[in-house]
Asker: 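Would you mind keeping the following structure in view while I ask a few things?
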Amino acid sequence: MERLGPNQLEALRVQRPRYHRDLLRGGIVHLGIGAFHRAHQAVVTEDAIEADPDGHRWGIVGVSLRRPDTHDALMPQGGLYTLAIRDGGSVDHRVIGAVIDVLVADHDPEAVLERLAHADTRIVSLTITEKGYCHDPATGALNPRDAGIAHDLSNAAPPVTALGYLARGLQRRRQRGLGPVTLLSCDNLASNGDTLRGVLLAFAERVDPALRDWIATHCTFPNSMVDRIVPKTTADDVTRVSNALGLHDAWPVVGEPFLQWVIEDRFAAGRPRWEAGGAQFVDRAQPFERLKHRLVNGSQSMMAYFGVMAGWPTTDRVIAQPGLRAFIDDAMRHELQPTLPLLPGLDVDAYRESLLPRFENPALGHRTRQIAMDGSQKIPQRLLAPIAERLARGQPFDRLALGVAAWIHFLRGYDEHGEAYPIEDPMADLLRPLASDVRAITGFAPVFGALGTSAVFVDAVGRQLGRLRAQGTLVALAGILKAP
Ligand code: CS2
């Protein structure tokens, strides 16, 4: 089968770029060009380029820190790839053209630094996953003990962390007298822009206080909420998409129809007309972040740990269990939704009701093991923050405590059928030895913070963990459904 590439665009029978790709310039540098970026921000950018006569300024230069796989798959295709939107039995294909180059920092660090310091670059966006911020998950502050940060602060070249690249790239911009840039985090962190600003300024301060001040004055860090379920692309997806296209696409992306992007409109050097692709601009994104991190991601994490332990490999299989569906619905309705701030103009009940159908989309195959990764970085904003708020108000939180207990249970490394799985988490080595003792693990401050000192919290999690261990997931869930 012939390979997808710029020469085939005219003949494609699916939606394809409706603009002159050769005019595109790299206004955006995106760190962490994984499937999520390619199915979310890049698609909204594609719409913006098409809608704006001046849109060619917003081509995307993607950067992978270490892995060459996206570069190796996309560059022989001239940056083109297919987005397959799957909803139950229906599928819709679109070839996206917004990515003009992919750099691999490990192979060519100089090219990445030069791109950050390029006059065309106006936005540096990030999907580097939660752990990429090298922060203390409980507080959001930079963790100077992180091995990558310690390496990058020691001036050893080249950098190994995203923060190291950002600081060095911005240092070059400053030295060259280049204009400001916007640093746009698109990761699922609480106040993601503020968190990025905090860790980057703390890092830059240690490099050179004048650099810190330059960044604080010249760069903006809008908070944003991003949402689209994008499972890891499988070999089967590659075959199915290539067959549908009639051309071999080495690395398409697969996603659900739903897409949401809520961004604070604070851009230092302009931005694409992302509204054309459905992005929503607001003064404050944090209320939307909370809505999403708690209802969508909090539910997903709970489903993931129950699913891995009980042997349900995908979220649609989890939600197909009657007890599970009722549990997630109850947890959202009674324990998560009541913690949300006011969201003027949003029907939160309708939003919540739309989530179960998204989780049970059978065409996605969203793997519970994928979501279960990096729990130490996810649990704080997804489950612990709402628990802390309920605890402060004297409200019950047994369902969320069961969710946290399921994560701790998962850390033992084998499921209820005895099958072992790897714990993929940057804090795995620290957490695993603590996981057998609820007091020890909840005392682990980088994840639990002050919540770990609450006897009410520790007892509640301990009770649910005891039930999971003694009775298994299904019985423990049935028990909590009967609780008042
Ligand atoms: C998931 C998210 O893997 C995970 O942690 O919870 O990737 C989730 O699917 C997205 O945030 C949905 O927008």
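Counting from 1, the numbers follow the sequence of the chain as shown. Atoms within each ligand, like the ligands themselves, are counted from 1 in listed order.
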Asker: For atom 1 (C) of ligand 1, state which one of Met373, His293, Gln300 supplies the nearest heavy atom.
Answerer: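 Going through Met373, His293, Gln300 one by one, Gln300 has the nearest heavy atom to atom 1 (C) of ligand 1.
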
Asker: Is it the case that atom CG in Asp429 sees more than 12 heavy atoms from other parts of the structure closer than 6.0 Å?
Answerer: no

Asker: Is Asn188 touching ligand 1 with its side chain, its backbone, both, or neither, if touching means heavy atoms under 4.0 Å apart?
Answerer: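 Answer for Asn188: side chain.
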
Asker: For ligand 1, which atoms, with element, lie under 4.0 Å from some heavy atom of Lys378?
Answerer: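 Going through ligand 1 atom by atom, the ones under 4.0 Å from Lys378 are 3 (O), 4 (C), 5 (O).
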
Asker: Among Val253, Thr70, Thr233, Val241, find the residue that satisfies the side-chain contact (heavy atoms from CB on, under 4.5 Å) test when tested with Tyr81.
Answerer: Val253

Asker: Quick check: does Glu130 get an N/O under 3.5 Å from an N/O on ligand 1?
Answerer: no

Asker: Taking atom CZ of Arg67 as the centre, report whether more than 12 heavy atoms of other residues, nucleotides or ligands fall under 6.0 Å from it.
Answerer: no

Asker: So is His366 in contact with ligand 1, going by heavy-atom distances below 4.0 Å?
Answerer: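 So His366 counts as touching ligand 1.
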
Asker: Got a sec, which residues hit side-chain contact (heavy atoms from CB on, under 4.5 Å) with Pro313, two or more places apart in sequence or on another chain?
Answerer: Arg317, Arg367

Asker: Considering heavy atoms of the protein only, find what lies nearest to atom 12 (C) of ligand 1 and give residue, atom and distance to 0.1 Å.
Answerer: Asp227 OD1, 3.3 Å

Asker: Using the ring of Tyr421 (Phe, Tyr or Trp, six-membered ring only), decide whether Arg369 places NZ or CZ under 6.0 Å from its centre and within 45 degrees of its axis.
Answerer: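 Output no; distance or angle outside limits.
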
Asker: Determine if the distance from atom 9 (O) of ligand 1 to the closest protein heavy atom is below 4.0 Å.
Answerer: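 Within 4.0 Å of atom 9 (O) of ligand 1, protein heavy atoms are found.
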
Asker: Considering only non-hydrogen protein atoms, determine which one is nearest to atom 11 (O) of ligand 1 and report residue, atom name and distance to 0.1 Å.
Answerer: Lys292 NZ, 2.6 Å

Asker: So is Arg382 close enough to ligand 1, meaning a heavy atom under 4.0 angstrom away?
Answerer: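 Within the 4.0 Å threshold, so yes.
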
Asker: Answer yes or no on whether Arg38 is positioned over the face of Trp251, meaning its NZ or CZ is under 6.0 Å from the six-membered ring centre and within 45° of the axis.
Answerer: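 Flagged: Arg38 positioned over aromatic ring of Trp251.
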
Asker: Are Arg358 and Phe258 in a cation-pi setup, meaning NZ or CZ lies under 6.0 angstrom from the ring centre and within 45 degrees of the ring axis?
Answerer: yes

